[in-house]
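In what follows, a single structure is set out as structure tokens and then discussed.
Naming convention: chains lettered A, B, ... in sequence-line order (proteins, then strands); numbering from 1 in each chain. Given the structure is predicted, the values throughout are model-derived calculations rather than measurements.
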Number of protein chains: 2
Amino acid sequence: MKYENRKDEIIQTAALLFKEKGYSAVTMRDIAKAVGVRAASLYNHIKSKQEILSEIIIALAEQFTCGMNVIQDAEISSVEKLKRIVKLHVDITANNQNGMASLNNDWMHLEADLDYYLRLRKDYENDFRTILNEGIAKGELINFDSEVMLFSILSTLRLLYGWIPRREELNPNYLADKLSGVLLEGVIR
Amino acid sequence: MKYENRKDEIIQTAALLFKEKGYSAVTMRDIAKAVGVRAASLYNHIKSKQEILSEIIIALAEQFTCGMNVIQDAEISSVEKLKRIVKLHVDITANNQNGMASLNNDWMHLEADLDYYLRLRKDYENDFRTILNEGIAKGELINFDSEVMLFSILSTLRLLYGWIPRREELNPNYLADKLSGVLLEGVIR
DNA sequence: ATTCTAAACTAACAAGTGTTAGTTTTGGTA
DNA sequence: TACCAAAACTAACACTTGTTAGTTTAGAAT
């Protein structure tokens, strides 16, 4: 059972098209054709093109917020928290590669939900920053510029969506492990 | 002297708008208004909207190709080559933040030059891969999955464009140094 | 068999798209 | 001053956009 219902089918189909061409370049007629229906029929299930984008992005942003809250409250080392963040990104991305493209590239086309999205993203980044600074303070992490560390790790995790699909043979646990290794331990012997 | 001529002004202005909303969401009338002119007047300087995108992306792609060729031919260690790649990205991005957004997000809207762009990108990635594999073979780099290493480093470098502008106080040498540190040596003490 | 509702359809809209044709303005050179 | 080309302008084009109105179809419940 690939889709829960027609609305879900429309949203998932749209997410695929948004990933390939971006939100603005995809028309309601494109989505309709991919679903096998006329453009006007889409409006029996969704309110607007905007609503499709919002449902894709907000659902994902809330998954990240939720996952981060769990990690933050766990009583584990800072390094372990970083590993769980990597795992969080790998898991969410593996389950929704197409939607992650919209989250990364089309968030600025949100209208009603733009402020809400920006708040979620800012909070997420602040939580991430806090974990890094705690790790530095406790001596678990090298005392590099924590902004550079945040940017470096997060940008890799953000582009996972365009990379995972090409290596479907990999299971998420293996990938999260390897990625944690490279991101946290570096590449120099 | 900010612009070489009016064509250059149009292209740089367009690049800024493309970064903010994406190629497809920016209209010729948007570009014209930002330049301070009517849309039809743009066509005295450029052939089409497509041409603007091509000039932005291809110029940058060729800079990377050129830079990579120099690095590849240098007689230096693999680690030193990686550091020079980081510097290459920092320098090009610092000089063209807006254009880098198009290179990353709007390349799929290229038409005539799409194949050429894809070839340049593929060659660049292959050269990068070769440097990593040589480093592993010579024992300079940890024997991690080289595809994971390639993805991890390159994805960070690709998103520099959205991050550099927020820290204009940093000079490129300092940033390249810090970034090389985190990317190559990791963050764990 | 009849009813009814969800969901498909056709047709059309007003606004916006990239681009062209033809005309006027501008500012340096003869 | 007269000229001329570069570059601005106005007006319009053919087409595409998201969306709505009104109608028909399909299939489950009575």
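Summarising the geometry, the separation between CG on Asn44(B) and P on dT10(D) is reported as 14 Å, rounded to the nearest angstrom. When the C1' atom of dT19(C) is taken as reference, atom NZ of Lys47(B) falls 13 Å away, rounded to whole Å. The separation between Leu17(A) atom CG and dG18(D) atom P is 12 Å, rounded to whole Å. The nearest whole Å value for the distance from the NZ atom in Lys21(B) to the P atom in dG16(C) is 12 Å. Atom CD in Glu9(B) sits about 19 Å away from atom P in dA6(D), given to the nearest Å. In this structure, CE of Met28(B) is placed 10 Å from P of dT20(C), rounded to the nearest angstrom. Between Lys33(A) atom NZ and dT16(D) atom C1' the separation is 14 Å, expressed in whole Å. If you measure from atom OH of Tyr43(B) to atom P of dG18(C), you get 7 Å, rounded to the nearest angstrom.
Set against dT17(D), dA8(C), dC9(D), the side chain of Arg38(B) has dC9(D) as its closest nucleotide. Of the listed nucleotides (dT10(C), dA21(C), dT19(D)), dA21(C) has the atom at the smallest distance from the side chain of Ala40(B). In the set dG18(C), dC9(D), dT19(D), dT19(D) carries the atom at the smallest distance from any side-chain atom of Ala39(A). Side-chain proximity of Arg29(A) to the nucleotides dT17(D), dG18(C), dC9(D) is greatest for dT17(D).
Tracing side-chain contacts under 4.5 Å through hydrophobic residues (I, L, V, M, F, W, Y), one reaches Tyr174(A) starting from Leu150(B); they form part of the same cluster. When hydrophobic clusters are built by joining Ile, Leu, Val, Met, Phe, Trp and Tyr residues whose side-chain heavy atoms come closer than 4.5 Å, directly or via intermediates, Ile58(A) is grouped together with Met108(A). Follow the hydrophobic side-chain contacts under 4.5 Å out from Leu159(A) and you never reach Leu16(A); the two are in separate clusters.
The shortest distance between the side-chain N/O atoms of Ser41(A) and the OP1/OP2 oxygens of dA7(C) is not below 4.0 Å. A sub-4.0 Å separation between OP1 or OP2 of dA8(D) and a side-chain N or O of His45(B) is present.
In this structure a side-chain-to-backbone donor-acceptor pair under 3.5 Å is missing from Gln63(A) to Ile92(A).
Annotation: cation-pi geometry satisfied between Lys49(B) and Tyr23(B) (NZ/CZ under 6.0 angstrom from ring centroid, within 45° of ring axis).
Using a 4.0 Å heavy-atom criterion, one finds that Val26(A) contacts the sugar-phosphate atoms exclusively. Among the atoms of the strands shown, only primed sugar atoms or phosphate atoms (P, OP1, OP2) are found under 4.0 Å from some heavy atom of Arg6(A).
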